[in-house]
Enquirer: 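Before I ask anything, here is the structure I am working with.
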Amino acid sequence: MRGWLGARRPRDGGGEVARPEPRLAAAARPRGLVAAARARRLVAAALVVVSALLLLAVPRPVRAFGEEGAWNPRPLLTGDARWEGVRATAPARWSFELERRTSAPARRNPTTVRADDPALLAEPFALWGGDGDIPPLTEREVFGLRRFLALGGVLLVDDFAPGSGAFGRAARRELARVLPEGSPIPIGTENVVFRSFYLLPRAVGRVEGPPKLSAIVRGGMPQVIFSDHDLAGALARSEGGGPSVEVTPGGEPQRERAFRLAVNIAMYVLCSNYKDDQVHAPFLMRRRAVDDNRPRAAPARP
């Protein structure tokens, strides 16, 4: 049996106490010194733990798409294309409608971005639109778009002249070089794009077009969305604040449905598949009813 210092004691309670073993001789220091040493070790251990916790609590910079968290419907430019004409105001109108209807932050004056510009990777969305054939993408443009999509970016391909379909065909041709493993498929009301904020029965834009969109789906999510509806044409506003382009055949009710599709696309990009279920449907119905009663003031021309 051993005492506090490790000395052997007789089991019968009598006889001499054995001398401390040589390996424990250092323990025969005064109790006060031993206690002080133990206290110092405990304090040092506590400081190490606290320091580690403080280091974990320090915020670290995180690199991600759209660090400001605002919707930015950037027009994508390729070749010698320029963003001008009657649809030039469409991105600003898109941002305005999103803020007015959802309170999501949005940039009121979106700027253009080129396919071969590293700035393409700074935001999760780009709008690629046109009304005619386009020259083949350069290798740098192919590489830039491939990186953008590999990082999870979403690209909307909007045909401004779906009657001819020249731009839509050219964009599909070039995107086959960017994503050779992906082919567009139809997506409709079963897809989250049609349910991310409004519950939409079909797709529309400046023209009624086909009821479904097409998309290259990767990882179960639409990543390149094709619209044969001229969505930008429905969004565009004139200098006086009125519509720039007539909507056919449904007039202003159809324009409103195009606004809702634009809002859904924005919410899909901002929230991914957060609302990819039916649990939220009653909330969306109430939210839509409130939205329908709001005034519809137009934004100032950027």
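The chain is numbered in sequence order, starting from 1.
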Enquirer: Quick one: OG1 on Thr111 to CZ on Arg74, what's the gap to the nearest 0.5 Å?
Expert: 7.5 Å
Enquirer: Please list, chain by chain and in numerical order, all residues satisfying side-chain hydrogen bond (donor to acceptor under 3.5 Å, both in side chains) with Ser95, sequence neighbours excluded.
Expert: none
Enquirer: Is the backbone of Ser238 close enough, under 3.5 Å, to the side chain of Ser244 for a donor and an acceptor to pair up by distance?
Expert: yes
Enquirer: Is the shortest side-chain heavy-atom distance between Arg218 and Leu149 below 4.5 Å?
Expert: yes
Enquirer: Given Phe125, which partner from the list Tyr268, Phe148, Trp94 fulfils the ring pair (Phe, Tyr, Trp, His ring centres under 6.0 Å) test?
Expert: Trp94
Enquirer: Is Leu179 close to Glu181 at the side-chain level, that is, under 4.5 Å between some pair of heavy atoms?
Expert: yes
Enquirer: Of the options Lys212, Arg172, Arg169, which is the one that meets Asp228 in a salt bridge (charged side-chain N to carboxylate O under 4.0 Å, His left out)?
Expert: Arg172
Enquirer: As an exercise, state the distance from CZ of Arg82 to CG of Leu77, rounded to the nearest 0.5 Å.
Expert: 10.0 Å
Enquirer: Does a side-chain heavy-atom distance below 4.5 Å link Leu76 with Leu145?
Expert: yes
Enquirer: Can you tell me how far CG of Leu270 sits from CG of Leu98, rounded to the nearest 0.5 angstrom?
Expert: 6.5 Å
Enquirer: Partners of Glu84 by side-chain hydrogen bond (donor to acceptor under 3.5 Å, both in side chains), sequence neighbours excluded?
Expert: none
Enquirer: Asp230: which residues meet the side-chain hydrogen bond (donor to acceptor under 3.5 Å, both in side chains) condition with it, sequence neighbours left out?
Expert: Arg87, Arg206
Enquirer: Taking the side chain as every heavy atom from C-beta outward, state whether Phe96 and Thr89 have any pair of such atoms under 4.5 Å apart.
Expert: no
Enquirer: Working to the nearest 0.5 angstrom, can you tell me the gap between Met267 CE and Tyr198 OH?
Expert: 10.0 Å
Enquirer: Quick check against the 3.5 Å criterion: does Gln223 have a side-chain atom that pairs as donor or acceptor with the backbone of Leu155?
Expert: no
Enquirer: With side-chain contact (heavy atoms from CB on, under 4.5 Å) as the test, pick out the partner of Ile225 among Val157, Val193, Val217.
Expert: Val193
Enquirer: Do Thr189 and Leu200 have side-chain heavy atoms sitting under 4.5 Å apart?
Expert: no
Enquirer: Can you tell whether the side chains of Arg101 and Glu256 come within less than 4.0 Å, N to carboxylate O?
Expert: yes
Enquirer: When rounded to the nearest 0.5 angstrom, what is the spacing between CG in Asp116 and CZ in Arg147?
Expert: 12.5 Å
Enquirer: With sequence neighbours left out, what residues match Val142 under side-chain contact (heavy atoms from CB on, under 4.5 Å)?
Expert: Leu137, Arg146, Arg177, Val178
Enquirer: Could you measure the distance from the CD1 atom of Ile265 to the CH2 atom of Trp71? Nearest 0.5 Å is fine.
Expert: 7.5 Å
Enquirer: Would the distance check show the side chain of Gln254 and the main-chain N or O of Gly205 forming a donor-acceptor pair, the cut-off being under 3.5 Å?
Expert: yes
Enquirer: Going by side-chain contact (heavy atoms from CB on, under 4.5 Å), name the residues that satisfy it together with Ala258, two or more places apart in sequence or in a different chain.
Expert: Val204, Leu231, Ala234
Enquirer: Trp128 and side-chain contact (heavy atoms from CB on, under 4.5 Å): which partner among Asp158, Thr78, Leu156?
Expert: Thr78
Enquirer: Any side-chain to backbone donor/acceptor pair from Glu208 onto Pro249? Under 3.5 Å, distance only.
Expert: no
Enquirer: Quick one: list whatever passes side-chain hydrogen bond (donor to acceptor under 3.5 Å, both in side chains) with Glu252, sequence neighbours left out.
Expert: Arg255
Enquirer: What I'd like to find out is whether the side chain of Cys271 reaches to under 4.5 Å of the side chain of Ser196, using heavy atoms alone.
Expert: no
